[in-house]
Amino acid sequence: MAKETEIQEIIRKAGYEPLEDRCIIVSYAPANLSDAIVRFFVLIIEFFVLQICRNEVVLVPFGKLAMGLKKEVTLAILFSEICDVKIEEAGLNYHLTITTKQDVITLSTQQKELSAFRSSGMLGGSLLSGNWHRDNLDATLADLQRIPG
């Protein structure tokens with residue numbers, strides 16, 4: 001659905017310098033299994049593009065109804081504020097726990113193997129243009145883990 005060039009343009013207009021091929025689809029991770037079930041049946045999952053930029057990690061939201069990319073950055077975390085990044089398998093997803101000097105943010109991202117059949121495949125490309133979420137996942141996760149320190 002959203003193209004990487006569109007994402008990069010939104011982020012540049014917001015004043016950030018996005019790195020090429022370093023964006024993936026994420027959502028906030030559920031607190032527990034009950035929360036995950038409620039989110040699934042009530043359809044309250046909000047998706048974002050996580051983009052690694054030159055000096056920060058930013059989130060750009062998708063709309064809740066139309067699922068089009070909004071033209072705003074909702075969260076920007078400076079690399080200098082990030083203390084730790086942990087990535088753990090969680091079912092068919094990965095949980096990304098980003099610990100900053102002030103907060104802990106846990107995001108969920110879908111694994112690439114089934115992404116063509118899940119929301120990350122729908123939001124992160126098309127049958128004709130490929131799936132940038134799948135293509136970028138490994139390198140983006142590796143770069144996130146290298147940020148602290």
Side-chain angles (χ1 to χ4, degrees), residues 1-33 35-36 38-39 43-115 118-126 129-149:
M1 186 182 247
K3 295 182 179 177
E4 279 187 277
T5 54
E6 177 186 0
I7 295 163
Q8 290 175 357
E9 184 62 27
I10 290 168
I11 292 170
R12 278 190 196 96
K13 284 183 179 178
Y16 303 99
E17 296 178 50
L19 301 181
E20 194 169 319
D21 300 327
R22 291 302 178 267
C23 60
I24 57 174
I25 307 289
V26 299
S27 62
Y28 284 102
N32 54 39
L33 184 57
D35 185 29
V38 168
R39 287 175 186 226
L43 299 174
I44 58 170
I45 300 172
E46 186 173 11
F47 292 98
F48 301 85
V49 170
L50 178 146
Q51 171 73 56
I52 298 176
C53 295
R54 184 174 184 183
N55 297 309
E56 56 275 307
V57 174
V58 302
L59 294 181
V60 176
F62 283 92
K64 292 182 183 177
L65 298 177
M67 296 306 273
L69 198 61
K70 292 185 178 181
K71 298 185 183 333
E72 61 190 46
V73 170
T74 59
L75 179 67
I77 308 168
L78 289 169
F79 291 165
S80 61
E81 293 293 312
I82 297 175
C83 301
D84 189 34
V85 176
K86 289 185 181 163
I87 299 171
E88 301 173 313
E89 281 193 43
L92 299 174
N93 297 341
Y94 293 108
H95 280 182
L96 319 174
T97 304
I98 301 171
T99 303
T100 69
K101 294 177 181 177
Q102 295 87 11
D103 206 359
V104 176
I105 301 160
T106 304
L107 303 169
S108 181
T109 189
Q110 296 174 356
Q111 295 175 359
K112 67 181 181 179
E113 290 80 7
L114 293 175
S115 66
R118 300 181 70 203
S119 53
S120 61
M122 179 186 75
L123 297 170
S126 70
S129 65
N131 181 328
W132 51 260
H133 170 84
R134 180 192 62 228
D135 296 343
N136 296 346
L137 187 66
D138 292 336
T140 302
L141 294 180
D143 283 359
L144 283 170
Q145 288 186 300
R146 284 193 281 272
I147 290 172

Chemist: Could you pull out all residues at least two apart from Gln102 that satisfy side-chain hydrogen bond (donor to acceptor under 3.5 Å, both in side chains)?
Modeler: Glu81
Chemist: Please walk me through it: do Leu107 and Phe48 pass side chain to side chain contact (heavy atoms under 4.5 Å, CB included)?
Modeler: CA-CA 10 Å; Leu107 303 169; Phe48 301 85; 5.8 Å; no
Chemist: Could you check whether any side-chain heavy atom of Ile98 comes within less than 4.5 Å of a side-chain heavy atom of Ile147, counting everything from C-beta outward?
Modeler: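 With C-beta onward as the side chain, the pair stays apart.
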Chemist: Would you call Phe79 and Val57 a side-chain contact if the rule is heavy atoms closer than 4.5 Å?
Modeler: yes
Chemist: Does the side chain of Lys101 come within less than 4.5 Å of Cys83's, by heavy atoms?
Modeler: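 Yes, side chains in contact.
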Chemist: Evaluate the side-chain proximity of Gln8 to Glu20: yes if any heavy-atom separation is below 4.5 Å, no if none is.
Modeler: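 Yes; the side chains approach each other to less than 4.5 Å.
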Chemist: Testing the basics here: between Cys23 and Asn136, what is the closest heavy-atom pair and its distance to 0.1 Å?
Modeler: O-ND2, 3.1 Å
Chemist: Could you give the distance from OG1 (Thr100) to CG (Leu78), rounded to the nearest 0.5 Å?
Modeler: 10.5 Å
Chemist: Whether the side chain of Gln51 engages the backbone of Leu19 through a donor-acceptor N/O pair (distance < 3.5 Å, no angle test) should be reported.
Modeler: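 At least one qualifying donor-acceptor pair exists.
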Chemist: A side-chain contact here means heavy atoms from C-beta on lying under 4.5 Å apart; do Ile77 and Glu56 qualify?
Modeler: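 When only atoms from C-beta onward are counted, Glu56 and Ile77 do not touch, as no gap falls below 4.5 Å.
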Chemist: Is there a side-chain contact between Leu96 and Leu141, using heavy atoms and a 4.5 Å cut-off?
Modeler: yes
Chemist: Quick check for you: to the nearest 0.5 Å, what is the distance between Lys86 atom NZ and Thr99 atom OG1?
Modeler: 6.5 Å
Chemist: Give, for atom CG of Leu75 and atom CG of Leu59, the distance between the pair rounded to the nearest 0.5 Å.
Modeler: 5.0 Å
Chemist: Show your reasoning for whether side chain to side chain contact (heavy atoms under 4.5 Å, CB included) applies to Ile87 and Gln145.
Modeler: CA-CA 8 Å; Ile87 299 171; Gln145 288 186 300; 3.5 Å; yes
Chemist: Report the C-alpha separation of Thr140 and Thr109 in whole Å, then their side-chain angles, then the decisive distance to 0.1 Å, and conclude whether the side chain to side chain contact (heavy atoms under 4.5 Å, CB included) test is met.
Modeler: CA-CA 11 Å; Thr140 302; Thr109 189; over 6 Å; no
Chemist: Give the minimum heavy-atom separation between Pro18 and Cys53, together with the two atoms involved.
Modeler: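 Answer, listing the atom of Pro18 first, then Cys53: CA-SG, 3.8 Å.
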Chemist: Dump the intermediate steps for side chain to side chain contact (heavy atoms under 4.5 Å, CB included) on Gln111 and Tyr94, then the final yes or no.
Modeler: CA-CA 7 Å; Gln111 295 175 359; Tyr94 293 108; 3.4 Å; yes
Chemist: So do Val49 and Ile25 actually touch side chain to side chain, heavy atoms under 4.5 Å?
Modeler: yes
Chemist: Please report the interatomic distance CD(Glu17) to CD1(Ile11), rounded to the nearest 0.5 Å.
Modeler: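 One gets 12.0 Å once the value is rounded to the nearest 0.5 Å.
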Chemist: Going by side-chain hydrogen bond (donor to acceptor under 3.5 Å, both in side chains), name the residues that satisfy it together with Asn55, two or more places apart in sequence or in a different chain.
Modeler: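 With neighbours one apart ignored, the set is empty.
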Chemist: What residues, two or more places apart in sequence or in another chain, satisfy salt bridge (Lys or Arg N to Asp or Glu O under 4.0 Å) together with Asp143?
Modeler: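 Expected list: Arg22, Arg146.
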Chemist: Distance check, rounded to the nearest 0.5 Å: Leu144 atom CG versus Thr97 atom OG1?
Modeler: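 Reported to 0.5 Å precision, the distance equals 11.5 Å.
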